[in-house]
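Please read the structure below before turning to the comments.
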Amino acid sequence: MSDPNIAFYGFTPVPRDPAVLFANHPTASGDSPKQDYFQAEDFPIPESALVNDVTTFVKKELDEQTFNHSNRVYIFGVALTKTHFPHWSYDLETYYLACLLHDIGTAERYLSTTKLSFEFKGAIVARDLLLQLGGVEDQADSVCDAIVRHQDIFVKGGNITMIGQILQLATILDNVGLRANLIHSRLIETTTAAFPRKGWSQYFARVVESELRLKPWCHTSTFEVPNWKEGVESNFARDVRGNSVMKPFD
């Protein structure tokens, strides 16, 4: 892997399964994992013409709750890696673009107008957008790959890109509170103050239920019982609504 773009754009392979990733980890395993005293302001949003253009697009297509979620995912992800994987190296702009666009497939313009699962449609939209805006193809591919796989929570074998793993860890942390003990409570407080949840748990649970209703074959159904059908309570939506970690900030 001599191509420098592999590391720079976050393609470095890491284990997909967090149980493998964190097994006997020096700072993340055990009952009292390390929690660096970070605050939201320690992780400024990357600035570039491309980020500005993508932000404009995202704000036009998505509501404030989803935009804020995307920014929280950026902060939580970068903080988590700085504490527990300080040797990981990846382009922060690329990761931020993946965060901004990871839920673009839930936009009203896309969710009900395609039979594709929202992650797959969103990944296509994101890649096309970045290339149209003059982005580098390897960067667009990294963002696309991370978005496609960001809900592959139950895949145990193999690897995932570094940026893909960070995106998974941070989204599931914000959505259901999983592994919130790997970051400091002060970071959660300041991040939700900077990018308020505004009822995100209830809001996103409804998005989950909406996609299941529209597309019962969708990838989101992997969170559900086999042969899920409309009328059966969604496990994922229930877990999102039951996010006790983020409840004080909703």
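Values below: all heavy atoms of this structure, side chains included; hydrogens, waters and symmetry mates excluded.
Two rings, from Phe154 and Phe223, have their centers less than 6.0 Å apart.
Using a distance-only test at 3.5 Å, with no hydrogens or angles considered, a donor-acceptor pair links the side chain of Asn175 to the main chain of Thr171. Between the side chain of Arg197 and the main chain of Asp174, a donor-acceptor pair closer than 3.5 Å is present. Formation of a donor-acceptor pair under 3.5 Å by the Asp3 side chain with backbone atoms of Asn5 is found in this model. With Asp250 contributing its side chain and Trp200 its backbone, the two residues share a donor-acceptor pair below 3.5 Å. A donor-acceptor pair under 3.5 Å is absent between the side-chain atoms of Thr191 and the main chain of Ile188, judged by distance alone. Judged purely by atom type and a 3.5 angstrom limit, Asp53 has no side-chain atom pairing as donor or acceptor with the backbone of Leu50. Listed for the Ser117 side chain is no donor-acceptor partner under 3.5 Å among the backbone atoms of Cys218. In this structure, the side chain of Arg72 engages the main chain of Phe195 through a donor-acceptor pair within 3.5 Å. With hydrogens and angles disregarded, no donor-acceptor distance shorter than 3.5 Å links the side chain of Asp103 to the backbone of Thr106. Put simply, the side chain of Thr81 gets close to the backbone of Gly77: a donor and an acceptor are under 3.5 Å apart.
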field: Derivation and outcome, side chain to side chain contact (heavy atoms under 4.5 Å, CB included), residues Gln165 and Ile160
entry: CA-CA 6 Å; Gln165 179 63 271; Ile160 190 171; 3.6 Å; yes
task: Start with the C-alpha distance between Asp36 and Lys82, add both sets of side-chain angles, then the distance that settles salt bridge (charged side-chain N to carboxylate O under 4.0 Å, His left out), and finish with yes or no.
output: CA-CA 9 Å; Asp36 283 331; Lys82 280 189 176 294; over 6 Å; no
- prompt: Between Phe22 and Phe85, is a ring pair (Phe, Tyr, Trp, His ring centres under 6.0 Å) present by the stated rule, with each step listed?
  reply: CA-CA 10 Å; Phe22 290 119; Phe85 302 99; 5.6 Å; yes
message: salt bridge (charged side-chain N to carboxylate O under 4.0 Å, His left out), that's the test. Do Arg241 and Asp239 meet it? Break it down for me.
response: CA-CA 5 Å; Arg241 287 191 176 97; Asp239 290 347; over 6 Å; no
task: Apply the test side-chain hydrogen bond (donor to acceptor under 3.5 Å, both in side chains) to residues His87 and Ser89: give CA-CA distance (whole Å), side-chain angles for both, the deciding distance (0.1 Å), then the verdict.
output: CA-CA 6 Å; His87 60 287; Ser89 177; over 6 Å; no
message: Test side chain to side chain contact (heavy atoms under 4.5 Å, CB included) on Glu61 and Glu108; report intermediate values, then the result.
response: CA-CA 8 Å; Glu61 299 295 341; Glu108 184 177 352; over 6 Å; no
message: Pair His102, His69 - check ring pair (Phe, Tyr, Trp, His ring centres under 6.0 Å), show working.
response: CA-CA 10 Å; His102 81 281; His69 162 67; 5.0 Å; yes
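For the pair Val58 and Leu100, the tightest heavy-atom approach, listed with the atom from each and the gap, is CG2-O, 3.7 Å. Closest approach of Val225 to Asn235, counting heavy atoms only: N-ND2, 3.7 Å. For Ala140 against Leu130, the heavy-atom pair with the smallest separation is CA-CD1, 3.8 Å. When all heavy atoms of Ala40 and Ala194 are compared, the pair lying nearest together is CB-CB, 4.5 Å. When all heavy atoms of Ser234 and Val208 are compared, the pair lying nearest together is OG-CG1, 3.8 Å. Of all the heavy atoms in Pro44 and Glu41, the pair that sits closest is CD-O, 3.9 Å.
Taking 4.5 Å as the limit, every side-chain heavy atom of Gln39 sits out of range of all side-chain heavy atoms of His184. Counting heavy atoms from C-beta outward, Asp141 and Phe11 have side chains that approach closer than 4.5 Å. Ile124 has its side chain within reach of Asp128: a pair of non-hydrogen atoms, C-beta onward, lies under 4.5 Å apart. In this structure, the side chains of Ser142 and Asp138 stay at 4.5 Å or more apart for every pair of heavy atoms. Residues Thr114 and Lys215 are in side-chain contact: their nearest non-hydrogen atoms beyond the backbone lie under 4.5 Å apart. Counting heavy atoms from C-beta outward, Phe118 and His219 have side chains that stay 4.5 Å or more apart. Within the 4.5 Å cutoff, side-chain heavy atoms of Leu212 are placed close to those of Glu224. No side-chain heavy atom of Leu182 sits less than 4.5 Å from a side-chain heavy atom of Thr83.
Both tests hold for Lys59 against Phe67: distance to the six-membered ring centre under 6.0 Å, angle to the ring axis within 45°.
Note on Val136: it does not cluster hydrophobically with Ile163, by side-chain heavy-atom contacts below 4.5 Å among ILVMFWY residues. If you chain together hydrophobic residues whose side chains sit under 4.5 Å apart, Val54 and Val148 never meet in one group. Note: the hydrophobic cluster containing Leu187 also contains Val73 (ILVMFWY, side chain heavy atoms under 4.5 Å, direct or indirect links).
With Phe43 as the partner, the ring-ring contact (aromatic ring centres under 6.0 Å, His included) test is satisfied by one option alone out of Tyr95, Tyr74, Phe38: Phe38.
The number of heavy-atom neighbours closer than 6.0 Å to CD of Gln202, taken from other residues, nucleotides and ligands shown, is above 12.
Tyr203 and Asp63 share a donor-acceptor pair across their side chains, judged by distance under 3.5 Å alone.
With salt bridges taken as basic N to acidic carboxylate O contacts below 4.0 Å, one links Glu137 and Arg127. The pair Arg149-Asp152 meets the salt-bridge criterion, with a side-chain N (NZ, NE, NH1 or NH2) lying under 4.0 Å from an Asp/Glu carboxylate O.
When the salt bridge (Lys or Arg N to Asp or Glu O under 4.0 Å) test is applied to Arg186, the partners found at least two apart in sequence or on another chain are Glu189.
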